[in-house]
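Working notes, beginning with the structure itself.
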Amino acid sequence: MGQYHSSREQVVTICRALLERGYLKATEGNVSVRVPGQEAFAITPSSYDYAKMKPADICVLDHDAKRLEGTRKASIESGMHAAVYVYRPDVNAIVHTHQPYASALALVRRSIPALFDEQVRYLGRSVEIIDYAPSGTSFLKKNVEKALGSGANAFILANHGVLVLGGDAERAVFNMALLEKVALDYLLSLMTDEKVHKVPAPIREIAFAKLRGDEKRLTKQLEAARATAEAAEAEEAAEPPSAAGSAATPAPGALGAGPAGLRHPSLLAGSLPAGASGAQLAGYAISRYPDVPAVYEKLGTLVSQPLRPVKPAAMEEYLEYFETKCRRSKALTDEAGELIPGGVQHNLAFNYPFPLAIEKAEGAHLWDVDGNRYIDFLQAGGPTVLGSNYAPLRDKVAEVVASSGPVTGLFHEYELKLARLVNRLMPSCEQFRMLGSGTESVMAAIRAARTHTGKKWVVKMGGAYHGWSDQMVYGLHVPGTWRFEAKGIPFGATARTREVFPNDLDSLRRKLQQNRRMGGTAAVIVEPIGPESGTRPVPFGFNAKVRELCDEFGALLIFDEVVSGFRLGLGGAQGYFGVRPDLTVFGKCITGGYPMAGGVGGRREVMASFASGIGGKSGERAYIGGTLSANPLSCAAGYFAISEMERTNAPVLAGMAGDRLTAGLTDIIRRYRLPFVAYNQGSIVHLETSGVMLLDLKHPLRLAKELKPRKHMIEEMGAAYTASGLITLAGSRMYTSMADTDEVIDDALERFERVLSSVEGV
Ligand code: PMP
């Protein structure tokens, strides 16, 4: 009896159970179990009758498909099984069959939505179709790898069969039976031509959270087993890096090295500090989704109270800092005022009391031309999740530029590499087109949506910023303000744009109904975390509801992931919320902060509208362009930045820094009994002190009266933070990065405390 007898026996037991239930026939399909505590698995042999199968017939392979035991030829799908064990530490048994009902869905390529709560609890939010590739090929293995990040336990392989995973052998068999039952129910309901109803999104999320909980527990078990085995083998077992430890800048050239065997975010997360949440283990930055109603309640209380600005004497001191310590900045930006309208080129640059001129950026810090150092929570408006001016990335980009120059106008391999990476991390992006900015990409997405649907209307959330194209300068910053900011933009340009109040699904439905009577809605565009990087956060289930409404009204769903892109996790907000948009807009996030940053990804048939090149279909295509778009510099920067974020788990580490910052700010607010509100969505941290962003046209009098003083208060707060060594976005938002070690955050909190304790009433 060999070393792996019990694993081989287990495989035979599963095969018998599946044979008895009619899920396996003759020689089709294959079954495997993980060998406990080892990087190995036991799998059925190729083309061998299940009725005759004995433990001695089972093969044992390691994760590189090297044979450890058994004489028969192993299943041709061994590579696919190995990939699952590598990428999904919670999986201990895998069954691949050609069972009839689910296989029927494989032929019509129909994924199964969330129809029953038990289904979601054990199989995942939906049972997705894995793109077709011939059996036993590395192409099929790759397609399976792409799908694994969803955390689902059942998949339908197009024109092939099904793949079902389980935390143990019994669960794999149970999941298989459950899938077949759900597939039959779904097929029957589809035959009626009636609408097939899904379970309500909140119930689905509760059920899915339970499944994620199991996966987290099983992952921890595997990690513990590995650690014990390693400790027994060698004294130098790797110490789990703390958030702070991992945040240290790796040596230049370290890009792409990657911890051995840990290739998927969910596995990389296995090395996170104890206490990491399920979402963090799955590679997402948000450890716990904010209690959205509680946040709004606190914000409501904040705007209903008198302003609590910095006391005049303290403010004088802060302004004195600028006069005495920032003389060169002042001289430069005064001169710039003569030649550059307003003295600054960038909407995010603070100009109260005057803008700072920055000379150096590195990791968590910035230095101005007068040599003053600041903690950088602007992080260029979000894209530098690795930290500013990350040396290994800079070196790689420099290498590419040294060889090809920044642009040639012709195809470069990094275009393909980046598109492939985006497609792997966000499978909704079946195709990807690189552009120059978020603004352009929003324009392009809307144009494709109109071309594809033949409809004209576009609906956005009030207050959301989607760049400055003519059609999108509408309902900007303050919900309900339609064309208030649309100076220089003819009425016709915004005639088919509409806004709805944030989070108001009823009014979205009404708007879609209205539009239907007037030709229909081409697209609903949302920032999936809520307008202005979650300044008005959305309830967790909101995006799923918007998806449902889009489907009901035949509109495309566009996710603007310009900020959330890879910051919320490598799967973006779409991966975190588990909602598949038709189109995704990228901006600064796509190049890790390097210039010419934009792109659109999405469904192949929609993206086809962009077909480019001289032979493109003139007259039919949605015209977009850009001489410098998709240049080698930007594409290489994007490819290396995102790869490095994957290797280092940067989004999760940045999220942990955001959690620490928010916890500290909340504590300061509590200790000084302030009405201010701090909350975060991972590495996006909000500190509302004036509540200006919460004003809207539902309360026009208050808006007219309070907009200016509340705006001025955040200008002052921003200046006070700056004078205290903290750069924020508009005095109310902070983006954290992987470079924000515990020491950096604790230093920042001391500085915040000095400012917050100098406000009126303390
Ligand atoms: N959408 C969102 C959500 C953004 O935050 C931004 C820029 N901050 C844009 C679109 C526009 O991108 P860009 O500045 O690259 O044009």
Side-chain angles (χ1 to χ4, degrees), residues 344-350 377-385 433-447 449 458-479 485 497 499 502 523-538 542-543 546 557-568 572-574 576-577 581 583-602 624-626 628-631 634 637-638 641 681-686 693 728-730 732-735:
V344 276
Q345 312 259 17
H346 208 273
N347 287 342
L348 298 180
F350 243 125
F377 287 131
L378 178 59
Q379 288 296 330
T384 47
V385 183
R433 171 97 188 237
M434 187 84 172
L435 291 163
S437 70
T439 299
E440 280 183 22
S441 310
V442 169
M443 283 164 55
I446 290 175
R447 198 166 289 177
V458 173
V459 183
K460 67 171 292 242
M461 299 298 127
Y465 181 69
H466 296 293
W468 54 277
S469 65
D470 280 2
Q471 61 206 330
M472 283 287 112
V473 181
Y474 188 92
L476 213 57
H477 306 309
V478 182
E485 299 264 13
T497 308
E499 61 169 313
V524 176
I525 180 166
V526 296
E527 231 186 306
I529 49 178
E532 293 276 2
S533 291
T535 298
R536 292 182 182 82
V538 294
F542 179 78
N543 293 300
V546 177
L557 174 60
I558 304 177
F559 271 3
D560 179 340
E561 295 235 36
V562 165
V563 172
S564 55
F566 305 97
R567 177 165 278 280
L568 226 61
Q574 52 197 270
Y576 176 73
F577 290 109
L583 291 171
T584 301
V585 167
F586 299 91
K588 48 198 159 188
C589 64
I590 196 72
T591 58
Y594 278 74
M596 293 303 288
V600 185
I624 59 171
L628 298 188
S629 295
N631 60 74
S634 310
Q681 290 165 310
S683 56
I684 306 170
V685 180
H686 299 272
M693 294 301 282
T728 60
L729 190 158
S732 63
R733 197 183 311 161
M734 280 82 72
Y735 295 111

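When a ligand or atom number is given, it counts from 1 through the structure's own listing order.
Using a 4.0 Å cut-off to heavy atoms of Glu527, the atoms of ligand 1 that qualify are 3 (C). For ligand 1, the atoms lying closer than 4.0 Å to a non-hydrogen atom of Gly467 are 9 (C), 10 (C), 11 (C). Atoms of ligand 1 found under 4.0 Å from any heavy atom of Thr439, numbered from 1 in the order shown, are 11 (C), 12 (O), 13 (P), 16 (O). Every atom of ligand 1 with a heavy atom of Ser437 under 4.0 Å away is listed here by number and element: 15 (O), 16 (O). Of all atoms in ligand 1, listed by their number and element, those nearer than 4.0 Å to a heavy atom of Gly438 are 11 (C), 12 (O), 13 (P), 15 (O), 16 (O). Within the listing of ligand 1, atoms 1 (N), 2 (C), 3 (C), 10 (C) sit less than 4.0 angstrom from a heavy atom of Asp560. Numbered from 1 in the order shown, with element, the atoms of ligand 1 that lie under 4.0 Å from a heavy atom of Val563 read 5 (O).
Ligand 1 lies out of reach of Gly587, whose nearest heavy atom is not under 4.0 Å from it. Under the 4.0 angstrom criterion for non-hydrogen atoms, Val442 is not in contact with ligand 1.
Contact annotation for Val562 and ligand 1: only side-chain heavy atoms (C-beta onward) come within less than 4.0 Å of the ligand. The proximity of Glu440 to ligand 1, defined as any non-hydrogen pair under 4.0 Å, does not occur for either the backbone or the side chain.
Judged by distance alone, the side chains of Gln379 and Thr384 do bring a donor and an acceptor atom under 3.5 Å apart.
For a threshold of 3.5 Å applied to N or O pairs, the pair formed by Lys588 and ligand 1 contains at least one separation below that value. Remark: ligand 1 and His466 share no N or O pair separated by less than 3.5 Å (distance only, no angle test).
The two residues Pro502 and Gly462 make their nearest non-hydrogen contact at CG-O, 3.4 Å.
Looking only at side-chain heavy atoms (C-beta outward), Leu568 and Ile529 come within less than 4.5 Å of each other. The shortest distance between side-chain heavy atoms of Pro528 and Ser564 falls below 4.5 Å.
Here Ser683 pairs with Arg567, Ala654, Thr736 under the side-chain contact (heavy atoms from CB on, under 4.5 Å) rule; sequence neighbours left out.
Applying the salt bridge (charged side-chain N to carboxylate O under 4.0 Å, His left out) test to residues at least two apart or on different chains, the pairs with a partner in residues 525-534 are Glu532-Arg733.
Without hydrogens or angle criteria, Lys460 side chain to Gly475 main chain gives a donor-acceptor distance under 3.5 Å.
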